[in-house]
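First up is the structure itself, then whatever we jot down about it.
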Amino acid sequence: MKRAWGWLVALYLFLGGIGGALLAVSAVLGFTSDVPDETLACSSAAGVAAMALGCLLLLFDLGQKRKAPLMFSSSTAIIKWGGVLLALSMACGAAYTAACLPGMPGSTPAWAIAALAIAGAAGFGVCAYTGVLLAGMKARPFWRSPAIPVAFTASALLAAAAVLLAALGWPLDGLGSPSSGRQDAALGLLRATCLAMAPVVLASLLLHLEAMARGKDETARSVARRWISGPFAPWFWAGIVVVGLALPFCAHALAANPMLLAAAAAVSLGCDLLLRCLVLFSDDRPLLPGERAFRRTLPHGDETFLHAWEGPEERY
Amino acid sequence: MTRYAMVVDKSRCVGCGSCMTACRLGNRLPLDIVCNPVLDGGVHGVYPQVHHSFTPLSCMHCADAPCVPCCPTKASSQDADGIVWVDSARCMGCRACIVACPYGMRDISGSEGFVRKCDFCKDRVREGEEPLCVRTCHQGARTFGDLDDPQSAVSRLLASHEARRLHEQVGTDPQVYYLSGDGGAR
């Protein structure tokens with residue numbers, strides 16, 4: 001069966017989620033701890049860059065790229081509101097980063113602090129939006145659950161906190177300025193976020209799979225079986241549960257070794273991407289008798305032949 | 001008020017595919033797009049009581065169409081008469097509507113970059129003609145008309161026959177009705 005949304009959309013959901021989470025975590029750090037502005041500016045810039053790259057991938061995936069500005073027309077489309085949140089968080093994150101650039105006079109202005117707050121709130125919205133977008137599709141039974149946005153949001157926050165924890169805990173220089181007692185509160189907050197989010201991701205996924213596997217919908221049951229004991233099982237159990245969640249949880253709970261924290265951050269990022277890919281590729285919908293056979297007869301891989309019919313000359 | 005619907009009598013369909021061909025030619029569809037496939041349900045029963053079933057499909061023009069509100073560019077819209085259609089001039093090819101459709105009745109051609117779907121041949125219909133697939137079906141398997149007109153062919157068929165709709169559990173209130181395998185006479 002031809003898949004409507006493929007790898008580029010999976011990468012977009014991942015980059016949007018991680019970018020939004022970086023901005024959200026940066027904003028929380030900015031208002032609750034004594035992290036230097038340069039450090040927050042670096043993490044905000046990373047968040048904006050991730051989102052911008054995600055937007056580029058999405059743009060590349062569109063069938064009619066020049067019509068992309070029309071995406072803000074509708075008031076009912078989740079994609080439109082995701083775009084609004086993306087634009088808002090990127091603009092405010094970039095404004096905050098610019099205000100904290102080296103050479104800018106004096107302390108951080110009030111408008112930049114407000115921009116960080118808006119970027120953080122909108123970033124959290126982007127995080128949640130990547131899951132809400134899928135959960136709102138009533139045609140795809142496996143996605144129809146609040147567990148999907150919860151898992152996506154928690155996974156992105158986990159990955160962002162792990163990345164910032166590794167960066168701030170790095171013994172050489174951290175991100176922007178040397179670590180000191182000033183950053184202890186930030187490190188504690190980030191570690192607590194990592195330790196709290198991993199069980200949330202795991203619990204939401206397990207509860208979701210349990211509900212789907214025992215539900216009435218045959219399509220959702222078959223997808224859940226794919227996750228639990230089918231082709232997705234190695235990726236889910238080994239890739240997400242053990243390597244992506246349990247090992248980083250142990251690293252954050254037990255160790256303060258910078259190398260371990262860096263490895264945990266890399267693994268958390270990989271886990272977040274893997275989660276989005278597995279969920280996105282669980283887009284099965286109920287098929288009608290004979291539909292699979294019919295779809296197989298449609299041309300795939302015959303692009304040269306198909307395009308040979310195009311052109312100014314009428315051949316069809 | 002007009003509310004268009006289609007009634008399909010599966011017992012009349014022989015799977016010839018003329019409706020698909022008429023749609024393809026009339027709407028100048030790209031070669032990789034089929035808006036109204038006819039699914040082959042296979043042979044059922046035991047000789048001599050055997051039956052080869054076919055299911056002619058098209059967009060269901062759901063009253064609560066999930067493909068319309070999810071369109072960020074407002075390219076997907078639904079008219080007051082229930083016809084769901086795509087404005088190709090506005091479609092940016094994000095494929096959200098394809099994901100939203102429970103029936104797989106939307107597709108995007110690699111050569112065009114915008115989404116195609118059945119629109120009940122709305123330009124013909126508003127000139128008093130029938131959709132091409134209905135007009136072409138020599139078996140009379142597809143019937144089109146106004147559900148709000150009690151004298152229309154679709155209203156009379158639904159009043160006199162048992163009918164069901166596909167994937168009703170999704171809750172989109174589809175407007176294509178299927179008479180059961182034997183014609184569904186009450």
Side-chain angles (χ1 to χ4, degrees), chain A residues 1-6 9 58-59 61-83 133-134 136-141 143-144 216-217 280 283 285-295 297-300 302-303 305-310 316, chain B residues 15 20 24-25 28-34 37-42 44 53-55 57 62 64 66-77 87-104 106-115 166-167 169-172:
Chain A
M1 295 286 286
K2 193 160 76 173
R3 182 161 275 135
W5 282 344
V9 176
L58 187 65
L59 194 64
D61 192 49
L62 293 180
Q64 295 277 332
K65 296 163 186 60
R66 63 194 166 78
K67 293 178 191 161
L70 294 175
M71 74 174 287
F72 297 103
S73 310
S74 166
S75 60
T76 55
I78 295 175
I79 289 182
K80 175 257 177 87
W81 292 110
L133 174 65
L134 302 189
M137 298 291 183
K138 62 169 78 170
R140 312 286 159 160
W143 293 352
R144 291 287 291 164
K216 290 179 183 171
D217 193 291
L280 193 71
D283 59 347
R285 62 174 171 77
L287 295 181
L288 295 162
E291 184 175 353
R292 191 180 297 279
F294 175 79
R295 301 281 172 200
T297 65
L298 294 178
H300 295 298
D302 299 333
E303 283 77 10
F305 170 76
L306 293 172
H307 288 277
W309 293 80
E310 295 168 4
Y316 175 48
Chain B
M20 285 195 289
R24 174 180 294 286
L25 293 173
R28 296 179 162 266
L29 299 181
L31 287 173
D32 50 348
I33 298 288
V34 181
V38 178
L39 304 185
D40 184 344
H44 308 282
S53 74
F54 297 94
T55 307
L57 293 174
C62 307
D64 183 15
C67 53
V68 173
C70 73
C71 175
T73 64
K74 284 189 173 174
S76 273
S77 58
D87 180 356
S88 59
R90 292 190 70 85
C91 178
M92 66 177 183
C94 70
R95 302 187 292 280
C97 56
I98 297 177
V99 177
C101 176
Y103 302 94
R106 286 173 171 251
D107 206 351
I108 188 167
S109 169
S111 60
E112 292 179 330
F114 59 83
V115 169
L166 303 177
H167 294 332
Q169 75 279 6
V170 184
T172 58

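These numbers come from the heavy atoms of this one structure, side chains and all, not from hydrogens, waters or symmetry mates. In what follows, chains are A, B, ... by sequence order, proteins preceding strands, each numbered from 1.
- Using a 4.5 Å cut-off between heavy atoms, B:Ser88 contacts chain A through its backbone alone, with no side-chain atom that close.
- By the side chain to side chain donor-acceptor pair (under 3.5 Å) test, B:Ser76 is found to be paired with B:Arg106, residues two or more places apart in sequence or in another chain being considered.
- Looking at A:Leu134, neither its backbone nor its side chain comes within 4.5 Å of chain B, counting heavy atoms on both sides.
- Note: B:Arg95 CZ to A:Leu62 CG = 7.5 Å, rounded to the nearest 0.5 Å.
- Pairing each heavy atom of B:Ile98 with each of A:Ala4, the nearest pair is CG2-CB, 3.8 Å.
- With a threshold of 4.5 angstrom between heavy atoms, B:Cys67 does not approach chain A through any atom at all.
- Neither the backbone nor the side chain of B:Ala75 comes within contact range of chain A; no heavy atoms are under 4.5 Å apart.
- Of the listed residues (A:Ala139, A:Pro289, A:Gly290), the one with the most heavy-atom contacts under 4.5 Å to chain B is A:Ala139.
- There is no contact between B:Ser53 and chain A, counting heavy-atom distances below 4.5 Å.
- Among all heavy-atom pairs drawn from B:Cys94 and A:Ile79, the shortest one is SG-CD1, 4.1 Å.
- Between the side chain of A:Ser74 and the backbone N or O of B:Pro72 there is no donor-acceptor pair closer than 3.5 Å.
- If you take SG on B:Cys70 and NZ on A:Lys80, they are separated by 14.0 Å, rounding to the nearest 0.5 Å.
- Under the side chain to side chain contact (heavy atoms under 4.5 Å, CB included) criterion, A:Gln64 pairs with A:Arg66, A:Lys67, B:Phe114, not counting sequence neighbours.
- The shortest distance between side-chain heavy atoms of A:Leu288 and B:His167 falls below 4.5 Å.
- If you take CG on A:Asp217 and CD on B:Gln169, they are separated by 7.0 Å, rounding to the nearest 0.5 Å.
- The shortest non-hydrogen separation linking B:Val99 to A:Arg140 is O-NE, 2.8 Å.
- Of the two parts of B:Val115, neither the backbone nor the side chain holds a non-hydrogen atom closer than 4.5 Å to a non-hydrogen atom of chain A.
- Residue contact with chain B, scored on non-hydrogen atoms closer than 4.5 Å, involves the side chain of A:Trp143 exclusively.
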Does the pair A:Glu291 and B:Thr55 meet the rule for a side chain to side chain contact (heavy atoms under 4.5 Å, CB included), with working shown? CA-CA 9 Å; A:Glu291 184 175 353; B:Thr55 307; over 6 Å; no
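- Rounding to the nearest 0.5 Å gives a distance of 9.0 Å between CG of A:Leu59 and CE of B:Met92.
- Residue contact with chain B, scored on non-hydrogen atoms closer than 4.5 Å, is absent for A:Asp283.
- Closest non-hydrogen pair, A:Lys138 versus B:Pro66, comes out as CG-CB, 4.3 Å.
- Between B:Val170 and A:Arg285 the shortest side-chain heavy-atom distance does not fall below 4.5 Å.
- In this structure, A:Phe294 CZ and B:Leu57 CG are separated by 8.5 Å, a value rounded to the nearest 0.5 Å.
- Around the CZ atom of A:Arg292, the shell of radius 6.0 Å holds no more than 12 heavy atoms that belong to other residues, nucleotides or ligands.
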